[in-house]
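For reference, the structure is listed below as structure tokens.
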Amino acid sequence: MSSKKKHEKIVLFCPECGISISHRRILNEGEVRLRYVFCPECGKKIDFTNYMTETSSNVKSSDKNDFEDKLDKALDIIINDRNFSKGFKNILHRFIARLSYIKLKEVEKEKKTPISQMLLTRELINLIEDKLSPIINKKPILSVLKYLDQSDYPDFFLDLKRYQIKLRKSKKYRKAYSIYVRWLIGIVYRIINQINIEKGLYEYQKTIRDDLVKYFKLEKNYEEKSNDKEMTNDLAKIKKKIIEIDWENVSDDRIIDKSINGVLIKTIILDPFKDCDIESNPLYMHKEWLEKLYNGLNLSDGKIAKLCGCKSRRSIWDWRKRHGIDTKEELEYYLDKQGYKSILMPPDYRHPQMAIIPSRRQTIGEHRVVMERFMMQNPDLEISKKYLIDGKYLTVGTIVHHINHVKSDNRIENLWLYPNKKEHHTQAKSSLNECLSALIKIKQIIFSNGEYKFDSSFDYRNTYNKRKIREIIKPVEFKVLFENIAEIKEEIKEWDWEKISDNWTVSINKYRTSRGSGEETILLDPYSDCSDSNPLHMHKEWLETIVNDIRFNLTDSRLGELCGISRGMALYWREKIHKIKRAKIGFIRFLDETGYIRIKVPDSYKNPFVRELNIPFKIMREHRYIAERSLAKSSDLELKIKFLYEKKYLYSHVHVHHINLDKIDNRTENLYINDEHKKIHSQLYSLLEQLMKNDFIGFKKGRYFLL
């Protein structure tokens with residue numbers, strides 16, 4: 001096998017994020033060896049068999065390096081062309097990207113399918129390229145010209161005409177241009193599907209994305225992390241404090257000389273009432289200003305660096321040393337990624353169970369430090385004897401819990417120690433969820449438009465007695481549908497059997513003699529139980545109807561119990577007499593380890609995001625299936641496009657939230673489809689402090705309870 005064939009690959013494009021996917025040796029002598037691949041960018045499952053069936057004429061084997069070489073050569077030809085200025089090439093880059101966007105949107109309207117639900121196949125790329133052909137052989141499309149009114153290159157259209165002439169005359173140039181355009185189409189396709197993604201895009205992709213946002217007024221809302229918002233608010237408060245300082249009394253000298261390697265560059269007059277700026281207002285170079293922030297406001301080097309726009313805290317540390325400002329012995333604080341207040345411990349702090357790096361000080365959450373000090377002051381407590389090492393270090397693995405869920409409230413009375421994560425989950429989290437679930441069910445907490453709100457004008461204790469409260473907040477019991485034969489009997493009595501068959505008579509051989517001798521005709525009653533006097537199992541339509549209903553999971557044993565006959569007799573009538581094939585697997589419904597209900601989905605269910613397990617049937621969480629079917633039937637087109645793949649199946653990143661926190665309550669009205677699940681839970685837990693202050697929830701011995 002040649003080295004080129006050995007590394008032969010198939011190039012696909014993910015329909016979710018638009019990234020190209022290469023998989024080695026998918027084909028072997030023309031045969032597909034893999035059924036599907038997973039996108040490395042977004043994790044979407046792509047059925048390769050279907051993909052090859054649909055686009056076998058367009059998707060060809062190609063060496064990835066060879067493709068990249070062709071692209072590099074094409075870009076070199078276009079970019080290094082001396083006949084056109086750099087300004088023209090930049091405008092042309094954006095111009096073709098805008099044209100690609102318009103044509104992709106036109107295809108979206110023609111096919112009545114969102115771009116995010118279309119595979120970026122060779123066929124689609126060829127189609128878009130054909131729609132862009134006017135730029136090669138005639139004047140640009142007039143409808144696009146309005147998007148270039150604000151162009152920084154006024155002679156663009158004159159140069160574009162020269163550019164088109166060159167494309168028509170040069171085959172080499174035309175081929176390079178085709179590769180270049182196809183490359184740009186792929187970029188625009190991905191940007192359309194990831195317009196709100198800040199990370200994961202290269203600089204040239206961000207340039208095109210920002211250009212499309214500007215000219216087509218697309219919505220671009222980057223999600224900020226909660227800790228980033230807290231940090232921004234914290235810095236805003238500090239800046240306000242700095243401006244309020246009476247700087248006239250701190251120092252009357254505000255002139256500094258900015259120099260590099262001892263050579264004077266310029267003299268700057270500082271303004272302490274304005275924000276620090278590295279170029280025009282470098283306040284950290286002023287000794288009194290820096291000392292006031294470091295010692296007066298008790299700010300760390302890192303916090304001052306953020307205020308001044310410095311790249312690292314090292315810059316501030318260097319200037320402190322230059323000014324002769326000694327490092328504080330006090331602890332330095334900062335917010336970690338989860339929003340907890342962390343402390344930079346003194347150099348002599350060396351926890352025996354933590355990895356020790358001699359040149360680095362250890363960092364610990366303030367809530368753990370507060371618990372450590374409390375236990376050090378109370379060594380006779382049982383928890384101190386059990387979870388304190390050497391009389392001053394808290395055991396690693398223990399959980400210090402904030403009772404009111406306010407991460408910055410590190411008062412000892414707001415902290416509780418759990419020995420491990422399991423105890424924290426079973427004690428604190430489960431009991432809190434039970435309390436919050438009860439308050440939601442009883443309408444003390446209201447859920448509306450994705451947000452929980454505490455109804456301060458209502459007190460359920462003044463409205464309901466204890467017995468009524470217990471009835472309302474009672475958890476839903478897990479029950480397998482039609483697990484009992486009695487339930488099946490009641491269900492089939494309600495069916496309209498007249499539509500299934502118009503003949504309910506059967507002939508039986510009462511004395512088991514030869515045919516025709518001793519035969520008796522019996523009129524059956526499908527609305528009564530099957531018995532010796534009403535042998536419904538002898539009626540083919542009746543037996544076939546109930547056996548084919550997968551909800552009943554009628555094995556031959558259960559069928560015999562339903563009909564009042566033995567398993568062998570049930571098998572005889574089903575298989576030998578009526579020749580009815582029983583479904584291999586009936587209805588499956590069970591509780592998984594996480595407490596959610598899982599079900600078997602029908603064979604006709606083709607959700608690409610439900611992965612097959614190592615068992616001969618597909619299962620998924622029931623609440624996702626119910627919410628999915630409900631949304632698919634609704635008339636809300638906007639939500640369908642946002643959450644459903646092909647307007648049928650939930651995307652893998654979409655969550656279905658139980659509004660009352662009862663995992664078994666899968667009523668449609670109790671399910672909320674969203675893509676901000678963590679945010680919803682965080683917002684709910686933020687109500688805990690208010691609920692505890694209003695005496696709705698209490699905490700005792702590690703568990704929450706309703707007051």
Side-chain angles (χ1 to χ4, degrees), residues 227-228 230-337 340-351 356-366 368-370 372-373 408 410:
N227 59 307
D228 292 337
E230 290 178 12
M231 184 66 75
T232 304
N233 295 335
D234 195 21
L235 290 176
K237 292 177 183 177
I238 294 171
K239 287 180 180 180
K240 188 176 180 181
K241 285 183 181 180
I242 294 172
I243 295 174
E244 292 174 353
I245 294 174
D246 186 4
W247 291 106
E248 301 292 341
N249 294 326
V250 174
S251 175
D252 55 0
D253 181 15
R254 299 179 186 172
I255 300 175
I256 61 167
D257 293 329
K258 191 172 182 179
S259 60
I260 297 177
N261 297 328
V263 179
L264 179 64
I265 301 299
K266 60 181 175 180
T267 300
I268 300 176
I269 301 175
L270 301 174
D271 186 354
F273 298 100
K274 291 185 178 180
D275 291 341
C276 179
D277 183 85
I278 295 176
E279 295 296 329
S280 61
N281 197 30
L283 291 163
Y284 56 88
M285 296 183 182
H286 193 277
K287 179 179 179 180
E288 286 77 10
W289 186 89
L290 186 58
E291 188 172 25
K292 184 67 176 177
L293 264 65
Y294 185 71
N295 291 321
L297 296 183
N298 197 29
L299 300 180
S300 64
D301 291 338
K303 192 65 68 78
I304 298 173
K306 287 185 180 295
L307 286 167
C308 297
C310 298
K311 291 183 178 179
S312 69
R313 58 190 297 274
R314 180 73 186 187
S315 302
I316 304 300
W317 186 88
D318 288 339
W319 277 99
R320 277 200 301 103
K321 295 302 178 185
R322 194 178 302 181
H323 292 318
I325 303 172
D326 295 331
T327 302
K328 296 178 291 189
E329 291 297 327
E330 289 80 15
L331 304 179
E332 296 183 45
Y333 299 86
Y334 72 94
L335 289 176
D336 64 13
K337 292 181 179 180
Y340 290 100
K341 197 174 183 181
S342 294
I343 298 176
L344 192 62
M345 302 302 288
D348 60 343
Y349 185 89
R350 288 290 183 267
H351 196 295
I356 298 174
I357 302 175
S359 61
R360 189 178 299 174
R361 292 162 64 184
Q362 290 185 331
T363 303
I364 299 181
E366 185 187 42
R368 294 188 69 85
V369 175
V370 171
E372 271 184 356
R373 291 179 177 175
S408 60
N410 293 323

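- Checked by atom type and distance alone, the side chain of Asn295 never pairs as donor or acceptor with a backbone atom of Leu297 at under 3.5 Å.
- Under the 4.5 Å side-chain criterion, counting only non-hydrogen atoms from C-beta, Ile343 is not in contact with Thr363.
- Residue pairs meeting the salt bridge (charged side-chain N to carboxylate O under 4.0 Å, His left out) criterion with at least one member in residues 241-250, sequence neighbours excluded, are Glu248-Arg254.
- Contact of the Leu307 side chain with the Leu293 side chain is registered, since non-hydrogen atoms from C-beta on lie closer than 4.5 Å.
- For Asn281, the side-chain hydrogen bond (donor to acceptor under 3.5 Å, both in side chains) test picks out no residue, with sequence neighbours left out.
- Distance check, rounded to the nearest 0.5 Å: OH of Tyr284 to CG of Asp301 gives 13.5 Å.
- Within the model, atoms SG of Cys308 and CE of Met285 stand 10.0 Å from one another, a figure rounded to the nearest 0.5 Å.
- Contact check for Glu366 versus Ser342: no side-chain heavy atoms found under the 4.5 Å cut-off.
- The distance from atom CG of Leu283 to atom CH2 of Trp319, rounded to the nearest 0.5 Å, is 12.0 Å.
- Proximity of a side-chain donor or acceptor of His286 to a complementary backbone N or O of Ser251 within less than 3.5 Å is not detected.
- Atom-to-atom distance recorded for His323:NE2 and Ile316:CD1 is 9.0 Å, nearest 0.5 angstrom.
- Applying the salt bridge (charged side-chain N to carboxylate O under 4.0 Å, His left out) rule to pairs touching residues 285-294 yields nothing, sequence neighbours excluded.
- The OH atom of Tyr340 sits 11.0 Å away from atom OG of Ser408, with the distance rounded to the nearest 0.5 Å.
- Atoms CH2 and OH, from Trp317 and Tyr294 in turn, are 10.5 Å apart once rounded to the nearest 0.5 Å.
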Name every donor-acceptor pair, under 3.5 Å, that has one atom in a side chain of residues 269-278 and the other anywhere in the protein, sequence neighbours excluded.
| unit_1 | atom_1 | unit_2 | atom_2 | d |
| --- | --- | --- | --- | --- |
| Asp271 | OD1 | Phe273 | N | 3.1 |
| Asp277 | OD2 | Glu279 | N | 3.0 |
| Asp277 | OD2 | Ser280 | N | 2.8 |
| Asp277 | OD2 | Ser280 | OG | 3.1 |

